[in-house]
Amino acid sequence: IEAEVQRRKQLIHQSVERKAIISKCYKRKHPEVYILQDSFLAPDFLEIVRYCTSSDAHLHGLLRYIESFSDKRIYRLPVFTEEFCQAFMDELENFEQSDMPKGRPNTMNNYGVLLNELGMDETFITPLREKYLQPITALLYPDLGGACLDSHKAFVVKYSLHEDLDLSSHYDNAEVTLNVSLGKDFTEGNLYFGDFSQDPTPMPKYIEIEHVGARGLLHRGGQIHGALPIASGERWNLIIWMRSSAIRNQLCPMCNKKPELVEAEGFGDGFTETLQDDVPETVNLCSLW
């Protein structure tokens, strides 16, 4: 365990170093995409947010605006405009082609971009989570801290024929996950969903869900899922792992134990530790997994 703690702490320090170099040296192609604007968001998504922030909003009313899949609490909804997706992917490709240092999203995805290193956390992802997504998740996932998602990890993953083709079964280090298909042109590569990790069955039933451009899937982080291989083309997906310290402070979702924390920089894994002045800081990792 100690060796894994040290490895992960080293990853965080390396990420901080990369972010500093990128901030100083990288020339942005589309600087406007780094600051969230309403114009980036699909009109239907803004309508959903308006409903969820109204005084009479309730779950059954919200379900009239979004697609629901089976009983697994998986939902599809519009998120971005096509124009924003194109500009965002162009910016990501510009970064990929640069000589800047690059961290990869996780141990399962070899191609992609950590958005905090690109400088998008404070001005894009955090306001997206707090102002727009949380009113929705508060109605869909109240039992998972949907009303108090206070941190996140955001990254983009890329699938293509000569790089990552698919993603094997796993569950996320998140209470709630948003997965948005940004584009480009591709065939196949559906997502599949099985059991909830904390409530497995002997014979799990899987469902497949097709990616739709500029639309996102909301699902429980603990929902076992994966991505089938693409058959042609290239696909970029924005992934936001949203975390609630109120939930995970009680039980680490990865090791299913009371978390034993070690200090980390930034959001860490979304745990908090109450300080002497009772001000929580979302800067900790669970050392047990």
Side-chain angles (χ1 to χ4, degrees), residues 36 38-82 84-85 125-152 154 171-182 190-201 204-226 237-248 250-251 253 270:
L36 182 63
D38 276 6
S39 61
F40 298 165
L41 303 171
D44 287 347
F45 177 74
L46 294 173
E47 180 62 26
I48 292 169
V49 175
R50 280 192 290 270
Y51 172 78
C52 292
T53 54
S54 65
S55 59
D56 57 348
H58 55 85
L59 175 60
H60 294 297
L62 170 58
L63 294 179
R64 294 197 296 265
Y65 290 87
I66 63 179
E67 295 178 78
S68 179
F69 296 91
S70 75
D71 59 349
K72 297 181 186 293
R73 301 174 71 187
I74 303 166
Y75 307 97
R76 183 159 60 200
L77 68 167
V79 180
F80 298 118
T81 65
E82 295 282 356
F84 167 75
C85 290
I125 303 297
T126 294
L128 179 64
R129 168 174 53 82
E130 293 178 345
K131 183 178 178 181
Y132 299 93
L133 294 173
Q134 192 159 273
I136 300 172
T137 58
L139 294 177
L140 294 177
Y141 306 106
D143 54 321
L144 296 174
C148 52
L149 297 169
D150 51 1
S151 69
H152 62 261
Y171 57 91
D172 299 336
N173 185 0
E175 275 63 64
V176 180
T177 294
L178 175 68
N179 182 335
V180 183
S181 178
L182 301 171
N190 289 349
L191 288 178
Y192 62 88
F193 292 87
D195 284 346
F196 189 57
S197 62
Q198 296 182 7
D199 187 26
T201 60
K205 295 181 179 179
Y206 287 88
I207 63 168
E208 281 189 35
I209 301 177
E210 182 181 1
H211 277 294
V212 178
R215 290 180 174 261
L217 289 172
L218 278 169
H219 63 84
R220 295 176 292 182
Q223 198 81 46
I224 296 172
H225 62 286
N237 287 71
L238 167 65
I239 312 294
I240 307 178
W241 289 352
M242 294 179 282
R243 296 156 169 172
S244 169
S245 60
I247 298 297
R248 61 182 41 222
Q250 306 305 313
L251 190 73

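Values in this document were obtained by computation on a predicted structure and should not be read as measured data.
- Annotation for Ala214 and Glu82: closest pair CB-OE2, 4.1 Å, computed over non-hydrogen atoms.
- Interatomic distance, CG of Asp195 versus OH of Tyr206, reported as 7.0 Å (0.5 Å rounding).
- Looking only at side-chain heavy atoms (C-beta outward), Ile207 and Ile74 come within less than 4.5 Å of each other.
- With values rounded to the nearest 0.5 angstrom, Arg248 atom CZ is found 4.5 Å from Asn173 atom CG.
- Separating the CD1 atom in Ile224 from the OH atom in Tyr192 is a distance of 10.0 Å, to the nearest 0.5 Å.
- Formation of a donor-acceptor pair under 3.5 Å by the Asp150 side chain with backbone atoms of Ser245 is found in this model.
- For the residue pair Thr137 and Met242, the shortest heavy atom distance occurs at CG2-CE, 4.3 Å.
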Name every donor-acceptor pair, under 3.5 Å, that has one atom in a side chain of residues 128-136 and the other anywhere in the protein, sequence neighbours excluded.
from   : atom 1 : to     : atom 2 : distance (Å)
Arg129 : NE     : His152 : ND1    : 2.9
Arg129 : NH1    : Leu149 : O      : 2.7
Arg129 : NH2    : His152 : ND1    : 3.4
Tyr132 : OH     : Asp38  : OD1    : 2.3
Gln134 : OE1    : Leu149 : N      : 2.8
Gln134 : NE2    : Ala147 : O      : 3.3

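- By the 4.5 Å heavy-atom criterion applied to side chains, Leu140 and Leu59 are counted as neighbours.
- The salt bridge (charged side-chain N to carboxylate O under 4.0 Å, His left out) contacts involving residues 65-77 comprise Glu67-Arg76, Arg73-Asp143, where partners must be two or more places apart or lie in separate chains.
- When every heavy atom of Leu62 is checked against every heavy atom of Cys52, the shortest pair comes out as CD1-SG, 3.6 Å.
- Here the closest non-hydrogen pair linking Ala57 and Leu139 is CB-CD1, 4.1 Å.
- Rounding to the nearest 0.5 Å gives a distance of 7.0 Å between OG of Ser70 and CD1 of Ile209.
- Of the listed residues (Phe45, Tyr51, Tyr75), just one forms a ring-ring contact (aromatic ring centres under 6.0 Å, His included) with Tyr65, and that residue is Tyr51.
- Judged by distance alone, with hydrogens and angles left aside, the side-chain atoms of Glu208 form no donor-acceptor pair with the main-chain N or O of Asn190 at under 3.5 Å.
- Nearest heavy-atom pair, Gln223 versus Gly194, reported as atom, atom and distance to 0.1 Å: NE2-O, 2.7 Å.
- Here the shortest heavy-atom pairing between Pro78 and Asp44 reads CG-CB, 3.6 Å.
- The structure places CG of Leu36 at 5.5 Å from CG of Leu41, a figure rounded to the nearest 0.5 Å.
- The main-chain N or O of Leu218 is found under 3.5 Å from a side-chain atom of Tyr141 such that the two form a donor-acceptor pair.
- Remark: Phe193 pairs with His219, His225 by the ring pair (Phe, Tyr, Trp, His ring centres under 6.0 Å) rule, at least two apart or across chains.
- The distance from the SG atom of Cys148 to the CD1 atom of Ile247 is 6.0 Å, given to the nearest 0.5 Å.
- Two residues are said to be in side-chain contact when any heavy atoms from C-beta on lie closer than 4.5 Å; Leu238 and Cys85 fail this criterion.
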